[in-house]
Amino acid sequence: MRLLADLFLLAGALLCLLAAVGLLRMPDVYNRIQAATKASTLGSVFILVGVGLLEPGWWAKLVAIIGFILFTSPVGSSTLARAFHRAGVAVWQKGQS
Amino acid sequence: MTSNPAFRAAPARAYVIGFGTCLLAWILLTGTLAASELAAGALVALVATAAAGSRLTLLGGLRLSPAAPLHLVRYLGYFLVQLTLSNFDMARRILSPSLPLDPGMVEVHTGLRSELGRMLLANSITLTPGTLTVDVDDDRLLIHWIDRAGGTDMEAATRAIAAGFEQRIRGFLS
């Protein structure tokens, strides 16, 4: 159980790191939002699952938190993306520097 | 004013679902089924539902059939698989030195009619491989696609973005 919990925590941390690397490498705002949303959402979920395995008494609260994250994180990303789109930020094209 | 769904009176079923959701959140957060906690939770859920009032119209699209929970579970399972795939896909793109991207905006039509259904679809698309919902305008979703499947059948590929989720969401939302 301890090992499984550690694996989940590690995977979650790696996904969050990946989100950060993605933020640095991606060429424009839309791709950055994509990289940050996907990796950090699953990363947070993995970390919470890991915590749940370490502290089985907390599972009900953790399920509620996972639910909130899964529901609100994409809404936040879409709202940001829409704001940039409405402000006229163009999509980066392949071959552009 | 009357044409705006936010100002229409919410159906009774929306209040029942709103109350149930609030109570469920209360039970999960307190982590106990003691009678006193349940009573306090019911009271808070009642006040919260009453305060939300006509905004609960949003929940009116939910279908309350015996098969609905089954469809919900089927949707969640599909969603979790897609979320995992999307992370592998994103990891591959972020970590490959050549940064394989060919982004563009595409438009997808949805057959879902309820606000909640469209919101759930938009959310799901944001968390699936390579796509991000940028705007929702009536039945059209504007989607940022990180890799436009280079020159293959664009129309079919675009439809496929939404089709998998739409078909599963339709089981419990109109």
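Just so we're on the same page: letters track the sequence lines, and every chain starts at 1.
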N/O donor-acceptor pair under 3.5 Å between E107(B) side chain and R140(B) backbone: no

Which value, rounded to the nearest 0.5 Å, describes the distance between F88(B) atom CZ and K38(A) atom NZ? 15.0 Å

Per-residue contact mode, P97(B) against chain A (heavy atom under 4.5 angstrom): backbone

Roughly how far apart are R74(B) CZ and L72(B) CG, rounded to 0.5 Å? 11.0 Å

Portion of L15(A) that has a non-hydrogen atom of chain B nearer than 4.5 angstrom: side chain

Hey, is CZ on F84(A) packed in by over 12 heavy atoms from elsewhere, all under 6.0 Å? no

Tell me which of these, V134(B), T128(B), L142(B), has more heavy-atom pairs under 4.5 Å with chain A than the rest. V134(B)

Given heavy-atom pairs under 4.5 angstrom as the criterion, report whether the side chain, backbone, both or neither of L95(B) touches chain A. both

Whether the side chain of R82(A) engages the backbone of D135(B) through a donor-acceptor N/O pair (distance < 3.5 Å, no angle test) should be reported. no

If I measure from the heavy atoms of chain A, does S124(B) come under 4.5 Å with its side chain, its backbone, both, or neither? neither

P129(B), P103(B), A91(B): which one forms the most heavy-atom pairs within less than 4.5 Å of chain A? P103(B)

Test R93(B) against D147(B) for side-chain contact (heavy atoms from CB on, under 4.5 Å), laying out the working first. CA-CA 10 Å; R93(B) 286 180 205 283; D147(B) 194 347; 3.2 Å; yes

Most heavy-atom pairs under 4.5 Å with chain B, out of N31(A), V91(A), V21(A), L18(A), belong to N31(A)

Out of the candidates T126(B), T133(B), N123(B), only one should pair with S78(A) under the side chain to side chain donor-acceptor pair (under 3.5 Å) rule; please name it. T126(B)

Closest non-hydrogen atom pair between K61(A) and T30(B), with its separation: NZ-O, 4.5 Å

Neighbours of chain B found in residues 4-14 of chain A - heavy atoms under 4.5 Å: none

Stepwise side-chain contact (heavy atoms from CB on, under 4.5 Å) test for F165(B) and R168(B): CA-CA 5 Å; F165(B) 277 112; R168(B) 286 168 177 83; 5.8 Å; no

